[in-house]
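Below: one structure, written as structure tokens.
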Protein chains: 2
Amino acid sequence: MLIVFKYLLTDLPFIDFSFVTMKKNTKKERFFAESLKLIHEKGFKATTMRDIASKLNFEVANVYNYIDSKNALLETFLFGMQDEFHDSLDEILDSSYDPKEKMHLVVSSYIQITSKRPYEQALLVNEWRNLKAPKLQEFIQRRKEYENKIKILFQEGVDNNQFENIDVEIATATILAALRWLYKKYIDSTIKINSLEIEKQLTRLIFNGISSN
Amino acid sequence: MLIVFKYLLTDLPFIDFSFVTMKKNTKKERFFAESLKLIHEKGFKATTMRDIASKLNFEVANVYNYIDSKNALLETFLFGMQDEFHDSLDEILDSSYDPKEKMHLVVSSYIQITSKRPYEQALLVNEWRNLKAPKLQEFIQRRKEYENKIKILFQEGVDNNQFENIDVEIATATILAALRWLYKKYIDSTIKINSLEIEKQLTRLIFNGISSN
DNA sequence: TATTTACATTAACAATTGTTAAGGTAAATA
DNA sequence: TATTTACCTTAACAATTGTTAATGTAAATA
């Protein structure tokens with residue numbers, strides 16, 4: 001099954017995030033890119049506005065030329081990334097593929113998004129707890145919706161006899177956990193990573209496990 | 001394969017952590033138990049010494065009757081838990097079971113430790129970043145050692161033809177990721193969780209994946 | 001009985017932090 | 001040319017935080 005190329009060769013209508021990650025030299029783009037890396041490395045709470053200013057070689061007050069508050073900075077990264085995952089999942093679920101094919105596509109698109117924005121993914125995994133009162137609940141709610149869609153997809157596969165009759169919650173949590181660690185590989189690796197190979201290996205693990213027989 | 005019961009029926013020489021989790025009513029035990037939960041709920045950085053004192057209905061200064069510093073509190077939880085995982089892994093690896101049996105035992109003991117100390121496990125997963133300069137490196141080093149042991153075990157299984165020839169790093173990261181999320185289930189669930197059933201399902205996922213054929 | 005232990009208080013400290021005020025300069029735009 | 005935009009500065013603020021000092025009391029222990 002190589003419908004996978006759909007995701008490698010075409011560009012989905014993802015939200016334009018380029019101002020965050022692209023390495024153009026406008027100040028604003030540098031601000032978001034450097035902030036993102038700093039927050040990833042030190043953690044959101046441990047990263048001060050002065051740290052960010054220092055990294056960009058200017059004074060603290062200038063940070064507020066680019067963002068309204070420290071919390072708004074985190075929200076920008078987190079909700080932008082969350083939207084991207086949701087949009088790609090919805091497109092897959094709206095298609096006419098069968099459950100197993102859809103699950104393959106979920107894995108494929110998840111890897112692709114992670115490969116494009118490993119630092120944003122790191123924040124999504126590790127820093128969402130730092131969101132404040134109204135935004136935090138919103139984030140958790142949307143994440144639950146995402147997980148529910150995966151649950152439903154898995155259940156359809158079970159009903160379909162394409163998937164083993166495993167507890168839906170455990171299966172969903174495990175599948176997502178198997179994908180969620182991947183950003184580390186993209187961030188840490190010194191060599192260029194072959195995402196197609198990653199997809200092949202991860203797909204094999206998720207669908208067939210480690211046993212040889 | 002039900003060698004699993006080895007871990008359910010006997011008590012390994014785990015480090016005595018009871019002062020942390022047991023619900024006796026001595027002040028010191030309450031202090032550690034409530035601190036642990038608070039740090040889990042709010043995050044280490046967001047939990048203040050005053051939060052802890054407030055939870056225990058006394059003044060801030062009293063916190064220092066039980067622990068030398070805020071950092072020492074985190075270190076106590078993290079290194080105690082890390083020791084527990086290491087000890088149980090080493091015992092398995094030192095046995096004469098074959099790689100596949102050993103991997104089953106790793107899953108089994110991991111689940112057992114998680115079920116006994118879900119809150120400590122939550123800190124191990126989410127709060128280790130807050131360790132300071134010498135302790136942080138020590139922690140990371142030990143974790144790397146743990147992962148390396150799993151890698152070697154997996155490779156032995158590949159050489160043995162018991163496991164599929166999957167990239168060792170990817171397989172190891174995925175197996176551990178599949179186990180690491182589990183603390184949430186133990187913390188969030190209102191009903192008593194059947195760890196044997198969890199073990200059955202997770203083992204099936206890790207060894208055979210979700211596919212039915 | 002004398003003393004240590006366990007537990008508690010109030011008060012203060014120095015450092016760090018997010019944020020704002022008030023103002024300045026040079027280039028782009030109208 | 002007049003004005004807006006993008007970018008920068010110094011200075012200060014109020015709040016929060018980990019930690020310590022000095023002191024007290026009742027129970028357990030020697």
Side-chain angles (χ1 to χ4, degrees), chain A residues 18-20 22-36 38-78 123 127-136, chain B residues 18-20 22-36 38-78 123 127-136:
Chain A
S18 57
F19 70 97
V20 170
M22 278 180 59
K23 285 288 169 53
K24 291 237 184 96
N25 43 13
T26 78
K27 283 280 173 177
K28 189 160 189 166
E29 284 159 2
R30 268 204 73 213
F31 168 77
F32 280 102
E34 300 291 350
S35 298
L36 175 61
L38 260 181
I39 293 174
H40 161 66
E41 285 160 17
K42 311 189 67 173
F44 178 73
K45 275 253 164 59
T47 303
T48 70
M49 296 306 238
R50 283 163 181 84
D51 288 335
I52 295 174
S54 170
K55 189 86 168 191
L56 293 160
N57 288 309
F58 55 54
E59 300 301 313
V60 209
N62 291 322
V63 170
Y64 294 88
N65 291 332
Y66 304 106
I67 197 80
D68 284 345
S69 68
K70 199 189 171 193
N71 286 334
L73 187 55
L74 183 64
E75 290 160 16
T76 300
F77 291 125
L78 258 38
L123 296 210
E127 305 298 339
W128 61 269
R129 299 161 166 266
N130 296 299
L131 287 170
K132 294 297 168 194
K135 296 286 182 180
L136 176 62
Chain B
S18 56
F19 70 97
V20 170
M22 279 180 59
K23 286 288 170 53
K24 293 237 185 90
N25 43 13
T26 77
K27 283 280 174 180
K28 188 159 192 167
E29 284 158 3
R30 266 204 76 212
F31 167 77
F32 279 101
E34 300 290 351
S35 298
L36 175 61
L38 260 182
I39 294 174
H40 161 66
E41 284 160 17
K42 310 190 68 173
F44 179 72
K45 275 252 163 58
T47 304
T48 70
M49 296 305 240
R50 284 164 180 83
D51 288 336
I52 295 173
S54 170
K55 189 87 169 192
L56 294 159
N57 288 311
F58 54 55
E59 300 302 314
V60 210
N62 291 324
V63 170
Y64 294 87
N65 291 334
Y66 304 106
I67 196 79
D68 284 344
S69 69
K70 200 189 169 191
N71 287 333
L73 187 55
L74 184 63
E75 292 160 16
T76 300
F77 291 126
L78 259 37
L123 297 209
E127 305 297 339
W128 61 269
R129 298 159 166 268
N130 296 299
L131 287 170
K132 293 298 169 194
K135 296 287 184 179
L136 176 61

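Heavy atoms only: backbone and side chains are in, while hydrogens, waters and symmetry mates are out. The sequence lines fix the lettering, A, B, ..., with proteins before strands; numbering per chain opens at 1.
A straight line from CG of A/N57 to C1' of D/dC7 spans 14 Å, rounded to a whole angstrom. In this structure, A/K27 places its NZ atom 8 Å from P of D/dC7, rounding to the nearest Å. If you take CZ of B/R50 and P of C/dA12, they are 14 Å apart, rounded to a whole angstrom. The NZ-P distance, from A/K70 to C/dG18, rounds to 4 Å in whole Å. Protein atom CG of B/N65 is 17 Å distant from nucleotide atom P of D/dT25, rounded to whole Å. Here the P atom of nucleotide D/dT20 and the CE atom of B/M49 are 9 Å apart, to the nearest Å. Per the geometry, CD1 belonging to A/I52 stands 10 Å off P belonging to C/dT19, to the nearest Å. Remark: C1' of C/dG18 and CG of A/L74 are 15 Å apart, rounded to the nearest angstrom.
Under the 30°/60° scheme for interplanar angles, the aromatic rings of A/F77 and A/F32 are found to stand perpendicular.
Considering OG of B/S69 and CD1 of B/I67, their distance stands at 7.0 Å, rounded to 0.5 Å. Distance NZ/B/K45 to NZ/B/K70: 7.5 Å, rounded to 0.5 Å.
Projected onto DNA chain C by closest heavy-atom contact, A/T48 and A/D68 fall at different nucleotides, the more 5' of which corresponds to A/T48.
Counting non-hydrogen atoms under 4.0 angstrom, A/F31 reaches nothing in the nucleic acid. Using a 4.0 Å heavy-atom criterion, one finds that B/V60 contacts the bases of the nucleic acid, with or without backbone contacts as well.
Between C/dA8, C/dT19, D/dT19, one nucleotide has an atom nearer to the side chain of A/Y64 than all others, and that is C/dT19. Closest approach to the A/F58 side chain among D/dT9, C/dT9, C/dC7 is made by D/dT9 (side chain taken as heavy atoms from C-beta onward). Across D/dT19, C/dA8, D/dC8, the shortest atom-to-atom separation from the side chain of B/S69 is found for D/dT19. Checking C/dT9, C/dG18, D/dT19 against the side-chain heavy atoms of B/E59 singles out C/dT9 as nearest. In the set D/dT10, C/dT9, D/dT19, the nucleotide with an atom closest to the side chain of A/A61 is D/dT10.
Base pairing of C/dA30: its partner is D/dT1, meeting the Watson-Crick or G-U wobble criterion (both donor-acceptor distances under 3.5 Å).
Between the side chains of A/S54 and A/D51, no donor-acceptor pair of N or O atoms lies under 3.5 Å.
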Go through it in stages, so that I can follow the logic: the residues are B/E75 and B/L131, the test is side chain to side chain contact (heavy atoms under 4.5 Å, CB included), and I'd like the CA-CA distance, side-chain angles, deciding distance and then a yes or no.
CA-CA 7 Å; B/E75 292 160 16; B/L131 287 170; 3.6 Å; yes
